[in-house]
Visitor: 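Mind looking over this structure? Questions follow.
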Amino acid sequence: MPEKTVAVWIGERCIQCGLCVGVCPVAAIRLTERGIEIDVEKCTGCGICVKGCPVGALQLKKIVLEAKRDA
Amino acid sequence: MRKDWDVIVVGGGPGGLFFAMKAAEKGLKVLVLDKKQEIGSPVRCAEGLGIDTVNMLVENGLPDSEKWKGWLVHGAYLYAPNGDNVYVPGDGYVVERTMMEKEMAKAATRKGATVLARHDVYDVIKEGNKVVGVRARFLGEEREFYAPLVIAADGFESLIARKAGLQTLQAAYHTDSGFEYVMTGLNIDADAIHLFFGTDVAPRGYVWIFPKDKDTANVGIGIDARLDRTAKYYLDKWIEAHKEEYGFEDASIIEVRGGGIPVGGFLKKMTMDGLMVIGDAAHQVHPLHGGGMALAMEAAGLAAEVAAKAFERNDFSDRTLDEYNKRWWEIRGHELENALKMRYAFERLSDDDFNYFAEILSDEDILAISRGDVDRIKAIALKALKERPSLALKFREFIGDAAKRLLG
């Protein structure tokens with residue numbers, strides 16, 4: 001299974017300010033009515049959003065990508 | 001091509017709503033889409049606004065009411081790390097943004113515009129290279145809106161311009177991380193705003209107390225977004241150290257806010273076929289103090305004039321809209337570039353330097369610095385340089401050649 005380091009959202013700390021959205025170099029983050037959504041396919045794990053977050057609501061984590069099913 | 005509206009504005013903040021007010025006055029059919037549940041909320045701002053801008057809004061149809069104008073202050077205290085301060089007189093309001101933006105939405109509607117909350121625009125619609133509309137979600141329902149002109153006023157996130165193909169990414173180096181409590185039960189001098197500087201207090205930025213009434217204030221911080229510690233960490237640390245002085249011990253927190261502040265990285269190009277970008281989305285923020293509302297509204301006014309011309313000519317090409325870029329750079333762009341150079345100098349100051357400047361700077365010096373008055377900054381720096389030669393390097397953008405001569 002392929003592994004990848006990505007930004008992970010910690011909802012309980014989030015104040016929904018949108019800073020992470022604006023600094024994401026690959027526009028992988030969106031602030032929706034459900035909170036922060038991170039596109040793990042796009043995320044490069046650069047960590048800019050993690051450092052910028054005023055309240056520490058993002059962390060870098062290694063995740064296991066699900067194998068893509070053949071159509 | 002379908003044409004439902006003349007102009008679609010994405011984002012109902014001060015920039016987007018002021019554009020709607022001005023464009024509707026010129027007879028354009030304007031639609032403002034905002035993803036928020038409630039126009040004006042949540043606030044991501046310290047809410048300081050100069051008296052001229054407040055009066056300008058009243059002249060443009062907002063009620064002359066403290067409900068949105070908020071709390072009048074008469075000046076600003078700037079504090080060095082050792083506690084010494086400089087007072088800079090000048091009237092301004094700590095506005096109630098939740099009310100201000102609602103009043104702006106009402107004024108825009110009276111002038112003929114339409115504002116729709118909870119419309120989350122997630123994509124632009126393009127024909128070739130030209131932006132012709134947007135796709136939005138409203139309570140689970142997919143909606144499409146068409147117009148020959150779209151205004152990206154979606155704030156710091158600035159996803160709309162990027163979706164359309166304009167590079168508006170906010171570089172981390174030019175981003176400040178902001179965090180703020182609205183606190184009440186405080187013991188403060190509510191006639192002025194208070195700004196606290198220091199390398200430990202707020203690296204690259206400052207802590208602020210902006211009074212909202214005699215014992216209520218926005219207590220916040222902006223710092224370099226690249227730091228390992230969070231803005232919250234620095235603010236909490238400062239509040240703990242000053243808990244007796246300002247009554248933080250017994251205060252209540254009635255709101256928690258945060259946000260990204262663009263403090264540089266100005267865009268030469270804020271237009272493309274069928275699209276203009278305004279406000280935070282175009283990084284139109286003062287790089288020294290981080291204020292953006294007045295600039296966003298100024299840009300919105302310009303963009304509305306250019307939009308009206310585009311309709312007269314029925315030409316929404318980048319070439320026609322380019323007038324907005326040109327005029328912005330004439331009116332504000334270069335001034336902001338100078339203020340950005342000042343930010344670079346500011347970032348290099350030690351606590352000793354801050355203490356020294358608190359001693360030597362007059363209120364007029366500080367106003368000149370925030371205006372980006374290069375001649376005055378040069379004069380201040382050259383004078384300071386004689387007593388503190390280490391400042392030569394720190395002010396290198398202003399006194400490069402002169403300093404070299406002086407230092408042999």
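Hydrogens, waters and symmetry mates are skipped; everything else that's a heavy atom, side chains included, is used. In the text below, chain A, chain B and the rest are named by the order of the sequence lines, each starting its count at 1. It should be emphasised that the depicted structure is a prediction, and the values quoted were computed from it without experimental measurement.
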Visitor: Given that the side chain runs from C-beta out, which part of B:Asp176 has a heavy atom under 4.5 Å from chain A: side chain, backbone, both or neither?
Guide: backbone

Visitor: Can you give me the closest heavy-atom contact between A:Ala27 and B:Leu159, atom names plus distance?
Guide: CB-CD2, 4.0 Å

Visitor: Search all heavy atoms of B:Phe179 against all heavy atoms of A:Pro54 and return the closest pair with its distance.
Guide: CB-CB, 4.1 Å

Visitor: Could you tell me whether the side chain of B:Ser177 and the main chain of A:Gly52 form a donor-acceptor pair under 3.5 Å?
Guide: yes

Visitor: Surrounding CD of B:Gln37 (heavy atoms of other residues, nucleotides or ligands, distance under 6.0 Å), is the total greater than 12?
Guide: no

Visitor: Does any non-hydrogen side-chain atom of B:Phe156 lie less than 4.5 Å from one of A:Val23?
Guide: yes

Visitor: May I have the step-by-step check of side-chain contact (heavy atoms from CB on, under 4.5 Å) for B:Asp120 and A:Arg30, ending in yes or no?
Guide: CA-CA 11 Å; B:Asp120 181 8; A:Arg30 265 182 55 78; 2.7 Å; yes

Visitor: Please identify, among B:Pro262, B:Ala172, B:Ala281, B:Ala225, the residue contributing the most non-hydrogen atom pairs under 4.5 Å to chain A.
Guide: B:Ala225

Visitor: Please rank A:Leu31, A:Val50, A:Ile48 by heavy-atom pairs under 4.5 Å with chain B and give me the top one.
Guide: A:Leu31

Visitor: Please state whether the side chain, the backbone, both or neither of B:Leu227 comes within less than 4.5 Å of a heavy atom of chain A.
Guide: backbone

Visitor: Only one of B:Lys35, B:Arg118, B:Lys36 passes salt bridge (charged side-chain N to carboxylate O under 4.0 Å, His left out) with A:Glu33; say which it is.
Guide: B:Arg118

Visitor: Give a yes or no on whether B:Asn129 atom CG has more than 12 heavy-atom contacts from other residues, nucleotides or ligands under 6.0 Å away.
Guide: no

Visitor: Where on B:Tyr234 is there a heavy atom nearer than 4.5 Å to chain A: the side chain, the backbone, both, or neither?
Guide: neither

Visitor: In terms of heavy-atom pairs under 4.5 Å, which option from B:Arg257, B:Arg226, B:Arg162 contacts chain A the most?
Guide: B:Arg162

Visitor: Distance check, rounded to the nearest 0.5 Å: A:Cys20 atom SG versus B:Glu157 atom CD?
Guide: 8.0 Å

Visitor: Looking at B:Arg229, I'd like to know if its CZ atom is crowded, meaning that more than 12 non-hydrogen atoms belonging to other residues, nucleotides or ligands lie closer than 6.0 Å.
Guide: no

Visitor: With a 4.5 angstrom heavy-atom cut-off, is it the side chain or the backbone of B:Ser158 that approaches chain A, or both, or neither?
Guide: neither

Visitor: Pick one of side chain, backbone, both or neither for A:Cys49, based on which atoms fall under 4.5 Å of a heavy atom in chain B.
Guide: neither

Visitor: Can you tell me if A:Lys61 has over 12 outside heavy atoms packed within less than 6.0 Å of its NZ?
Guide: no

Visitor: Identify which of B:Pro42, B:Gly178, B:Gly155, B:Gly258 forms the greatest number of heavy-atom pairs closer than 4.5 Å to chain A.
Guide: B:Gly258

